[in-house]
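These notes are about the structure you will find just below.
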Amino acid sequence: MKSLPRSFYARPVLTVARETIGKILVHDTPEGRVAGRIVEAEAYRGPEDRAAHSYGGRRTARTEAMFGPPGHAYVFFVYGMHWHVNLVTTAVDAPHAVLIRAVEPLEGVELMAARRGLTVGARDLTNGPGKLCQAFAIGKASYGLDLCKGPLFLSPGAEPRVARSPRIGIDYAGDWAARPWRFFERASPWVSRAPSPRGRR
DNA sequence: TGAATGATTTACT
DNA sequence: GTAAATCATTCAA
């Protein structure tokens with residue numbers, strides 16, 4: 001398993017989000033390795049994107065990683081119980097990131113199931129940003145990790161058929177909420193929300 | 001110091 | 001379909 005080079009991340013955030021679909025997310029932990037194919041991701045482009053935490057150039061202890069060099073992990077906590085993981089992209093001082101929303105479990109499935117309190121084979125193991133972080137044991141300790149070094153990294157994968165839709169859970173962002181900045185694998189049963197009947201083609 | 005609020009999940013009605 | 005869980009971060013005072 002080889003990690004993607006930093007040049008993969010040092011590009012426009014929409015490009016990285018699009019190409020993140022189909023890549024393999026790997027996390028080596030003391031309990032063992034877990035890996036999954038990324039089937040859903042969203043782009044956040046601060047400071048102009050109202051849905052992004054870095055909107056308006058807000059640079060705080062929490063958002064600091066997004067302002068750093070590309071190829072690092074931006075990890076944050078919401079709703080009092082859920083962690084989310086992002087890939088920092090583009091360049092230093094460009095607070096852009098790609099939120100990983102869902103993966104297809106490939107390796108370490110038993111470990112994921114144990115962490116989630118579910119049985120192997122469950123389809124809701126990693127089909128959501130909070131769920132996959134729990135399954136992958138991504139949390140506070142993962143903040144700011146260099147994705148080019150591990151233990152958390154992305155690995156090449158086959159190019160899937162990618163579809164787009166508006167982002168999820170950011171209705172407060174006004175016009176920005178309508179932008180189709182969510183990317184997902186069209187045929188995958190592992191996405192957090194199936195394509196809407198109307199949006200399907 | 002205090003109050004408001006989530007890039008969600010889960011359980012219920 | 002709706003609502004509760006639950007707390008770090010943020011902003012106002």
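Quick caveat: nothing in here was measured; it's all calculated off a predicted structure. Each chain gets a letter, A, B and so on, in the order the sequences are listed, and its residues count up from 1.
Residue H27(A) comes nearest to S142(A) through the heavy atom pair CE1-OG, 4.4 Å, listed as atom of the first residue, atom of the second, then distance. Across all non-hydrogen atoms, the minimal contact from Y55(A) to R50(A) is CD1-CA, 3.3 Å.
DNA chain C is contacted by no residue of residues 83-92 of chain A, taking any non-hydrogen atom closer than 4.0 Å. Residues from residues 126-137 of chain A placing a heavy atom under 4.0 Å of any atom in DNA chain B, listed by number, are G128(A), P129(A), G130(A), K131(A). Remark: L99(A), R101(A) in residues 96-115 of chain A come within less than 4.0 Å of DNA chain B through at least one heavy atom. For DNA chain B, the neighbouring residues in residues 43-50 of chain A, judged by any heavy atom under 4.0 Å, are Y44(A).
Remark: R11(A) fails to qualify as a cation-pi partner of Y9(A) under the 6.0 Å distance and 45° angle criteria applied to the six-membered ring.
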Mind listing the side-chain donor-acceptor pairs of residues 68-79 of chain A below 3.5 Å, one per line with the distance, residues two or more places apart or on another chain?
residue	atom	partner	partner atom	Å
H72(A)	ND1	G144(A)	O	3.1
Y74(A)	OH	H53(A)	ND1	2.8

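Remark: side-chain polar atoms of T126(A) are paired, donor with acceptor, to backbone N or O of V103(A) under 3.5 angstrom. The backbone N or O of G57(A) sits nowhere less than 3.5 Å from a side-chain atom of S54(A) that would complete a donor-acceptor pair. Between the side chain of T20(A) and the main chain of V16(A), a donor-acceptor pair closer than 3.5 Å is present. Side chain of S192(A) to main chain of N127(A): no donor-acceptor pair is present (N/O by atom type, distance under 3.5 Å, no hydrogens or angles). In this structure, the side chain of S3(A) does not engage the main chain of F153(A) through any donor-acceptor pair within 3.5 Å.
Of all nucleotides in DNA chain B, those with any atom nearer than 4.0 Å to a heavy atom of chain A start and finish, going 5' to 3', at dG6(B) to dT10(B).
For residues 96-148 of chain A, no pair satisfies ring-ring contact (aromatic ring centres under 6.0 Å, His included), with sequence neighbours left out.
Every residue meeting the side chain to side chain contact (heavy atoms under 4.5 Å, CB included) condition with L118(A), not counting sequence neighbours, appears here in chain and number order: R116(A), A122(A), D124(A), L125(A). Partners of D146(A) under the side-chain hydrogen bond (donor to acceptor under 3.5 Å, both in side chains) rule, at least two apart in sequence or in another chain, are R6(A).
A salt bridge links R18(A) and E159(A); the closest N-O separation between the charged side-chain nitrogens and carboxylate oxygens is under 4.0 Å. Under the 4.0 Å criterion applied to side-chain N and carboxylate O atoms, E185(A) and R161(A) are not assigned as salt-bridge partners.
Counting only heavy atoms from C-beta outward, the side chains of L87(A) and L147(A) approach each other to under 4.5 Å. Proximity of L152(A) to D28(A): side-chain heavy atoms (C-beta onward) are nowhere separated by under 4.5 Å.
The neighbour count for E31(A) CD, taken as heavy atoms of other residues, nucleotides or ligands under 6.0 Å away, is above 12.
Side-chain heavy-atom separations under 4.5 angstrom define the hydrophobic clusters, and the remaining members of the one that includes Y44(A) are L99(A), I170(A), Y172(A).
A donor-acceptor contact closer than 3.5 angstrom is absent between the side chains of R58(A) and T63(A).
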Secondary-structure string, 5' to 3', Watson-Crick or G-U under 3.5 Å, | for another-strand partners, for DNA chain C = |||||.||||||.
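Of the residues listed (R101(A), R167(A), R164(A), R186(A)), the one engaging E40(A) in a salt bridge (charged side-chain N to carboxylate O under 4.0 Å, His left out) is R101(A), and it is the only one.
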For nucleotides 2-12 of chain C, just jot down a letter per nucleotide in 5' to 3' order: B, S or -, based on protein non-hydrogen atoms under 4.0 Å.
-> ---BBBSSSS-
